[in-house]
Chemist: 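Take a look at the following structure, please.
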Amino acid sequence: MKNIPLAALALTFAVATFGTNAHAQASGELTYEQFIESCKNPTTYGHQRPPQNIRVACKNVQRSWQPIEAGSTALSEARNLSAELFSDKYHVALANFVIAVPELSVSCPRLREVTETSEIEKSLTCEQVIAETRDLEAICFDAINEAISENPDLVVIVPTGRTYNACEGTGQKP
């Protein structure tokens, strides 16, 4: 006779007795909507009291570009002058002259790509979860933005190694 693990028997009994909510409760995984319901009606999820010590963990990872020292490049410029002379007796034909013009030096922005990461945890009560009108995304979005606003040092910036140089590929058509 095979030995069936006790946990498997308990889970089978819980699912058979309580349905799918018991399975979600046994594994500890719920959707946010189910979690709200577990705060409102803990007995539906096989508990006598609502959840406590609730923490929302929010992590924000953002890729962005930061300016670094500017580069420069020289752009050639050209100046052409033409002249022609007329009188009542003679005519000097049109002549073209190329006037020397120094190159124009322009600065080119250079950027580096970075990853900005920030993490926070926010404690909540079931009463706050029930009263909340926003979804979990909006709660974390607002909480992380507020935390960064209050403490910009919360953001850890790590260069990705990618750079962008606006001077590269600068070309002039004849």
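Small disclaimer: the values here were computed from a predicted structure and weren't measured.
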Chemist: Search all heavy atoms of Ser72 against all heavy atoms of Cys167 and return the closest pair with its distance.
Modeler: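 Shortest heavy-atom contact: C-SG, 3.9 Å.
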Chemist: With a cut-off of 6.0 Å (strictly less than), are more than 12 heavy atoms of other residues, nucleotides or ligands near CZ of Arg134?
Modeler: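 Atom CZ in Arg134 is packed in, count exceeds 12.
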Chemist: Could you measure the distance from the CG atom of Leu124 to the CD1 atom of Ile130? Nearest 0.5 Å is fine.
Modeler: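 That separation rounds to 11.5 Å.
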Chemist: Looking at SG of Cys140 and CG of Leu136, how far apart are the two atoms once the value is rounded to the nearest 0.5 Å?
Modeler: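 Answer rounded to 0.5 Å: 5.5 Å.
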Chemist: Please find the pair of heavy atoms, one from Ser76 and one from Glu103, that lie closest to each other, and give the distance.
Modeler: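 Ser76 and Glu103 have their closest heavy atoms at CA-CG, 4.1 Å.
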Chemist: For residues Pro102 and Glu77, report the shortest heavy-atom separation together with the two atoms involved.
Modeler: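 That would be O-OE1, 3.9 Å.
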Chemist: Calculate, to the nearest 0.5 Å, the distance between atoms NE2 and CD belonging to His91 and Glu84 respectively.
Modeler: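 The distance works out to 3.5 Å.
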Chemist: Looking at Thr125, is its backbone amide N or carbonyl O close enough to the side chain of Gln128 to form a donor-acceptor pair, meaning the two atoms are under 3.5 Å apart?
Modeler: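 It does hold such a pair.
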Chemist: Would you say that Ser64 contacts Val114 through its side chain, given a criterion of any heavy-atom pair below 4.5 Å between the two side chains?
Modeler: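 Contact flag for Ser64/Val114 side chains = yes.
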Chemist: Anything under 30° is parallel, anything over 60° is perpendicular, the rest tilted; go ahead and classify Trp65 against Tyr164.
Modeler: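 Perpendicular: the ring planes of Trp65 and Tyr164 meet at over 60°.
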Chemist: Count I, L, V, M, F, W, Y as connected when their side-chain heavy atoms are under 4.5 Å apart, and connections chain through other members. Are Ile144 and Val129 then in the same cluster?
Modeler: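 No.
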Chemist: Say whether, by atom type as modelled, one donor and one acceptor occur between the side chain of Asn151 and the main chain of Asp153 under 3.5 angstrom.
Modeler: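 Pair found, side chain donor or acceptor close to backbone of Asp153.
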Chemist: Nearest 0.5 angstrom please: Asp142 CG to Lys122 NZ, how far?
Modeler: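 Rounded to the nearest 0.5 Å, the CG-NZ separation comes out at 8.0 Å.
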Chemist: So does Phe86 have more than 12 non-hydrogen atoms from other groups sitting under 6.0 Å from CZ?
Modeler: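 Count over threshold, so yes.
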Chemist: When rounded to the nearest 0.5 angstrom, what distance separates OG1 in Thr117 from CG in Leu154?
Modeler: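 That separation rounds to 10.5 Å.
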Chemist: So for atom CG, which belongs to Asn96, do other residues, nucleotides or ligands contribute more than 12 heavy atoms lying within a distance under 6.0 Å?
Modeler: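 More than 12 within 6.0 Å, yes.
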Chemist: Is Tyr45 linked to Tyr32 within one hydrophobic cluster, defined over Ile, Leu, Val, Met, Phe, Trp and Tyr using a side-chain heavy-atom separation of less than 4.5 Å?
Modeler: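 Same cluster: Tyr45 reaches Tyr32 through Ile, Leu, Val, Met, Phe, Trp or Tyr contacts under 4.5 Å.
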Chemist: Is Cys39 close to Pro51 at the side-chain level, that is, under 4.5 Å between some pair of heavy atoms?
Modeler: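 A side-chain contact under 4.5 Å exists here.
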Chemist: Please check if Phe141 and Val56 belong to a single hydrophobic cluster, counting links between Ile, Leu, Val, Met, Phe, Trp and Tyr side chain heavy atoms closer than 4.5 Å.
Modeler: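 No, Phe141 does not connect to Val56 through the hydrophobic network.
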Chemist: Scan Ile148, Val156, Asn60, Val155 and name whichever one has a side-chain contact (heavy atoms from CB on, under 4.5 Å) with Glu116.
Modeler: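 Testing Glu116 for a side-chain contact (heavy atoms from CB on, under 4.5 Å) against Ile148, Val156, Asn60, Val155 leaves exactly one candidate, Val155.
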Chemist: Going from OG1 on Thr160 to CZ on Arg63, what distance comes out if it is rounded to the nearest 0.5 angstrom?
Modeler: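 It is 7.5 Å, given to the nearest 0.5 Å.
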